[in-house]
S.K.: 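My questions will all concern the structure given below.
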Amino acid sequence: MQRWVGHADLDAFYASVEQRDSPAYRDLPVVVGALPGHRGVVAAASYQARAFGIHSAMPIAEAYRRCPNAVYLRPDMGKYLRVSRQIFQILQTITPVLEPVSVDEAYLDLTGLERLIGPPEMIGSEIKRRILQETGLTVSVGIGPNRLIAKLASEHNKPDGLTVVLPEQVQQFLTPMPLANLRGLGRQTQKIFTRLGIRTVAQLRAAPLQILEQQLGRKAAANFYNQALGIASAEVKPGRGRKSISKETTFETDIHGHDSLRHALRELAAGVAAQARREQLAGAVVTLKIRFAGFETHTRRHRLPSPTHDERVILREAWTLFNQGNLPCKPVRLIGVGISDWQQVQAEPVQADLFDQPQRRKSNERLLATIDRAEARFGKGILQLGCAPKRDKRKHA
Amino acid sequence: MKIITTKAAILDPLQQVGGVVERRQTLPILANLLLNLRSKSLLITATDLEVEMKTSTQVEANGELDITLPARKLIDICRALPDEAVININIEGERVTIVSGPSRFTLGTLPAKDYPVIEPITSSHSFSVPENRLKALIEKTYFAMAQQDVRYYLNGLLLEIKEGIIRTVATDGHRLATSESDCQIDNSLELQVIIPRKAILELSKLLEDTKDSVLVEVSTNHIRFNIRSTIFTSKLIDGKFPDYQRVIPTNSDKTVIANRETLRNALQRTSILSNEKYRGICFKFTKNSLELLAHNPEQEEAKEELQIEYQGDDLTIGFNVSYLIEVLNVLETKEIKLMLSDSNSSCLIEDEKTSNSRYVIMPMRL
């Protein structure tokens, strides 16, 4: 049976949601991210903003220089996540074999759906129609015989595009593409290709494999060569999803004081924990990320005996990592915290703790559930755990 | 200046203090040993800023001298020399040459005045305890200390003196070990200090089975043990140890008497097929019989059955087998006593006769 993989990618997702919700912004350049005059980057730019050369990950100051008149908005992650969940639910009704890549992007296994819905074009139109009808958002869909072609096809005709590449069209589809479209092409590899004078997929295909292997190493050469020939995996792994939840914040001015850092960490930990609980995940590894003045970045991680989605545990671990991680004593520019390595809380043997009363654990769970309900009803961050100032005094002998 | 000694005289003291030197140091000088020569006595000091050990040995030399030498290299050199070797240490300015027969080693030094030493402590309390008693108190409990736990106060051993009794307590939150001894200490002395894990491990190597008296001095931040010719000082962990009395079960209604050796052997065999990560074993107590069950993720299975003394209701409970084996290793009597109540409550283990050492293990939900 012919394998079909679909790739659905929402167009300028955060910006589109904002434009949908505020009709006044609809034809204006909208930039979601940090606000001008502050530190930070662009998270999403509407197509009107992209016309000015603004793209995501661009420093906000640069975006402002290019288009001072754009609408600048802070992201409302709660809202985007709600929309994202709605979209994934729609996609679930098309095919249960669905691999989310991020909040606004997923691979779908469409193999065998021809008999149910129709030819690939019709499946693509159906996805687009349903999402537009139920959420008012446009999505670009690419369909091809494997993941690579599906992804390239969805990028091919953005926004609101639908591109189907039949197996016999793959070579023709790839030939004119610039090399930069291929996956896993970093700055160093790009340099090597430039030196070899290879700029397009067609040129790569014509290059002798032996020279590529000499320059890139066997594995990388084979990878790019296969991509140039349109050979890639068609496997869609539904379970894959996210591997970690993390949040970070860049300070307006570099931070010296431990109190402000701990305060920032507390808020980040609360955000991470709340999201983990929403997604019914519990992670056994806590990671602390810290960037000092001068962009010197460090990460420290610690594995817990049992997985957690409790902000107090995350904060306690992150704070210990901060204090005992042999980190330099410098002003802090950015701090972040995350959890990963999901584990089922119930499935594995659980060693009981001498100092952990079962009643206390139950009341703990009730407390966290209450916070979640308050958030769901009144908005994010409405209820936060306070701090016991005594804990700050911890000195390690 | 010249110091003359022998391998036989210097290797033991060097190795004794050498354990304190960390493999990787935060300060370069912490890789060195401090040597102080006063008339014919050579005082050797090692520190990692948390723990400090000083010991002395007699040498042939004249005058006074303070130098530091790289610990690892000095110990390795002395150890590698022939057993009957005579060692000459020649000091000329910044260079130190060690000469023994045809062998010659030139070592670098760092200034002795930069060597961090813990100031002589102004002890607020002091007491004496026979060396063998102190050794036993540590050996019966220290395996239960936590290791790099965020509850930093668990990464050490609690030393408590109350009503003339000296007591040690260690716990990692999953199990607890406590041991006590009546050492005729002044009844009015009351103290509770937490000694860091590393200090306890070094101390356990240092202590021998003698009846010599060990003078212990305690200040606000430090504890010092004077053991024969060695002075061992450690920082204390600044924290509050949890209320250990509260977690020792008092209302267990089920008592099991088992042969220590038989149970230990059965556990060791069963543990081979337990999950390597969790080490969980299922215990099924029925009248005068105990069945042990283990299986691993590969679906392999181990089963043992042994005779015990037990009259209570049937009980099934899970434990980390390592915790039990460690307890059985330090108990000494032929028979041991387990006290249980239900599958969610902790188990108390004691010698069959005395309750000088008590062990509490929390169950595991399998």
Side-chain angles (χ1 to χ4, degrees), chain A residues 262 265 269 283-288 300-308 310-329 337 339 341 343-362 388 390-397, chain B residues 24 26 49-50 144 146 148-156 171-176 193-196 199 221-222 234-244 246-249 274-275 277-282 297 317-320 322-323 343-347 360-366:
Chain A
R262 195 176 153 98
L265 268 182
V285 171
V286 175
T287 306
L288 174 78
R300 293 286 183 275
R301 48 179 41 217
H302 181 72
R303 176 171 291 277
L304 301 166
S306 59
T308 187
D310 183 332
E311 48 251 59
R312 286 161 299 176
V313 177
I314 298 171
L315 174 65
R316 188 184 72 201
E317 294 296 331
W319 192 243
T320 309
L321 286 169
F322 173 72
N323 280 315
Q324 293 172 24
N326 276 330
L327 292 164
C329 255
V337 65
I339 55 175
D341 191 14
Q343 281 178 13
Q344 287 293 312
V345 189
Q346 295 301 323
E348 319 240 284
V350 181
Q351 171 68 56
D353 198 285
L354 276 166
F355 306 106
D356 181 23
Q357 256 62 36
Q359 311 93 283
R360 209 168 71 192
R361 184 144 16 106
K362 271 205 197 102
K390 260 194 301 183
R391 280 200 192 158
D392 280 349
K393 277 203 316 198
R394 176 197 294 181
K395 265 187 321 209
H396 195 70
Chain B
R24 285 196 288 167
T26 45
L49 298 179
E50 184 175 271
Q148 294 179 335
D149 199 293
V150 280
R151 295 167 290 184
Y152 59 98
Y153 45 82
L154 297 185
N155 301 326
T171 177
D172 61 4
H174 297 155
R175 36 58 186 278
L176 178 142
V193 293
I194 310 170
I195 306 167
N221 299 316
H222 290 95
S234 169
K235 271 194 181 172
L236 293 171
I237 293 179
D238 178 17
K240 180 150 174 37
F241 203 80
D243 180 6
Y244 64 91
R246 193 170 55 82
V247 299
I248 298 177
S274 69
N275 184 318
K277 189 168 165 203
Y278 300 101
R279 306 276 288 160
I281 281 195
C282 178
I317 187 168
F319 287 110
N320 179 327
S322 308
Y323 295 165
S343 59
N344 295 317
S345 305
S346 58
C347 167
V360 183
I361 300 178
M362 279 305 274
M364 188 179 235
R365 199 173 61 223
L366 295 171

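Chain identifiers are assigned alphabetically (A, B, ...) following the order of the sequence lines, protein sequences preceding nucleic acid strands; residue numbering begins at 1 within each chain. Just so you know, these numbers use all the heavy atoms, side chains as well, and skip hydrogens, waters and symmetry mates.
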S.K.: Can you name the nearest heavy-atom pair linking Q351(A) to M364(B), along with the distance?
M.R.: OE1-CE, 3.9 Å
S.K.: Has R300(A) got more than 12 heavy atoms of other residues, nucleotides or ligands less than 6.0 Å from its CZ?
M.R.: yes
S.K.: Of the backbone (N, CA, C, O) and the side chain (C-beta and beyond), which part of L176(B) lies under 4.5 Å from a heavy atom of chain A, both, or neither?
M.R.: both
S.K.: What are the two closest heavy atoms between T171(B) and L354(A), and how far apart are they?
M.R.: OG1-CD1, 3.5 Å
S.K.: How would you list, by chain and number, every residue that makes a side-chain contact (heavy atoms from CB on, under 4.5 Å) with N326(A), sequence neighbours excluded?
M.R.: none
S.K.: Counting heavy-atom pairs closer than 4.5 Å to chain A, which one of G280(B), G318(B), P242(B) comes out on top?
M.R.: P242(B)
S.K.: Just to verify, what does T308(A) make a side-chain contact (heavy atoms from CB on, under 4.5 Å) with, not counting sequence neighbours?
M.R.: L304(A), D310(A), V313(A), I314(A)
S.K.: Can you say whether R151(B) sits under 4.5 Å from chain A via the side chain, the backbone, both, or neither, judging by heavy atoms?
M.R.: side chain
